[in-house]
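First comes the structure, then the notes that go with it.
Only a predicted model underlies this, so the values are computations on that prediction, with no experimental measurement involved.
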2 protein chains.
Amino acid sequence: MTNPYHPHNHRHCIEDALQEARSLCKDKGARLTPLREKVLELVWQSHSPIGAYDILAELGRLEERSAQPPTVYRALDFLMEHGLIHRLSSLNAFIGCSHPSEQHNSCFLICEKCHVAQEIEHPSIDASLKDCAQSQGFKIIDSSIELTGLCPNCVGANQE
Amino acid sequence: MTNPYHPHNHRHCIEDALQEARSLCKDKGARLTPLREKVLELVWQSHSPIGAYDILAELGRLEERSAQPPTVYRALDFLMEHGLIHRLSSLNAFIGCSHPSEQHNSCFLICEKCHVAQEIEHPSIDASLKDCAQSQGFKIIDSSIELTGLCPNCVGANQE
DNA sequence: CAAAATACGTTATATTGTAACAATTATGAA
DNA sequence: TTCATAATTGTTACAATATAACGTATTTTG
């Protein structure tokens, strides 16, 4: 998996994500329509979360007939349902999922400075969460972990 | 600490929280004004997170002159700054902090059915998160962990 | 093909949160 | 105390995010 902090040909990230989405949807019999694919592509335009209304504006720039909010939110709902994107509730924004084929809990490192959000996976986190919930008799259905701070690129560079 | 899932005299929770808030603010030289204290009390009215506009409505019921949104948000900002409440971003709602005197990362178990949110603390969670972030070179400034599911009371009771 | 399900368009509105400035109240130094 | 300053609250207006409801078009399936 490419490291979002390093320079890279981001077109590859986008293409890979779209390719995997097509394949996954085909397997599941889910309909990745042109609109939904376009929204997924827009979400993947960078490694920073993007807001629904920014997607809406991008769509507006591309099509003549400008879309309305429900159009975007419905596409986002579809993409979330199928694990292709995540919603970062602390930012009211959306970001592409870096490993949509595996069942996983979403856990993000969000840089306050450059706004890159990296999805991480660590068995020990899952384990300790599950442990802790279990000791309380709590059954986890969904988990949202959002860690805000400074990414390796920005932690060194002194804030201007 | 009282267990939010068990029946208890909730007036005690409220009184304890207010008492601790007064004491903490006094120590820090922070001004817990009547308005702020009232908002804190409303947040503590139950163990379920409450929305800003619900607080606003409650204030409206109590006072003749009805408050405006900025009044409530400013009070909430003050209470968050001093660690007296937390914001649950997945719900756009606020809940009283159960141990405001200790520096800690917020971690909540949120029941989908009864809406009780329990704040938990587990060294192993903090440790594994820190570990994982560190291995990426990421410096955590703030963390938000929100686990949604079924609390011990509701996990048994079959959903109607 | 026809019927049903799914997806999308469109209008209107709900919900959550903030900017900006005025009025008031508390604080602290002279 | 008294005035100057800072902090808090009031007030108006609006920004940003999200959804309800219903109509139309497209796709799927028998």
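Nearer to the 5' terminus of DNA chain D, by closest-nucleotide assignment, is the contact made by B/A67 (compared with the other of B/A67 and A/P70).
Comparing C/dT10, D/dA18, D/dT8 by their closest approach to the side chain of A/P69 singles out D/dA18. Comparing D/dT12, D/dT19, D/dT9 against the side chain of A/Y73 picks out D/dT19 as the nearest.
Remark: A/R36 is in phosphate contact with C/dA7, judged by side-chain N or O atoms under 4.0 Å from OP1 or OP2. Within the structure, a side-chain polar atom (N or O) of B/T33 is placed less than 4.0 Å from OP1 or OP2 of D/dT9. Listed pair A/T71 / C/dC8 fails the phosphate criterion, with no side-chain N or O lying under 4.0 Å from OP1 or OP2.
When rounded to the nearest whole Å, the span between CD1 of B/I55 and C1' of C/dG17 equals 13 Å. One can place CG of A/L56 at 14 Å from C1' of D/dT19, the figure rounded to the nearest angstrom. Atoms CG (A/L35) and C1' (D/dT27) sit 15 Å apart, rounded to a whole Å. Whole-Å rounding puts the B/D77 CG to D/dT8 P distance at 12 Å. With rounding to whole Å, A/N92 atom CG is found 12 Å from D/dA16 atom P. Rounded to whole angstrom, the span from the CG atom of B/L32 across to the P atom of D/dA7 amounts to 17 Å. Regarding B/Q68, its CD atom lies at a distance of 16 Å from the P atom of C/dT16, rounded to whole Å. A straight line from CE of B/M80 to P of C/dG17 spans 9 Å, rounded to a whole angstrom.
A/Y53 contributes a side-chain N or O that forms a donor-acceptor pair with the base of D/dA18 under 3.5 Å. With hydrogens and angles left out, the side chain of A/R74 and the base of C/dG9 share a donor-acceptor pair within 3.5 Å.
Taking the six-membered ring wherever Trp is involved, the centroid distance between the rings of B/H47 and B/H115 does not fall below 6.0 Å. Under the 6.0 Å cut-off for aromatic ring centres, B/H12 and B/H10 do not qualify, their centroids lying 6.0 Å or more apart. For B/F108 and B/H86, the ring centers are positioned less than 6.0 Å apart.
For the pair A/R74 and A/E81, the salt-bridge criterion is not met [side-chain N within less than 4.0 Å of a carboxylate O]. Ion pairing between a basic and an acidic side chain is recognised when a charged N comes within 4.0 Å of a carboxylate O; B/E58 and B/K38 show no such pairing.
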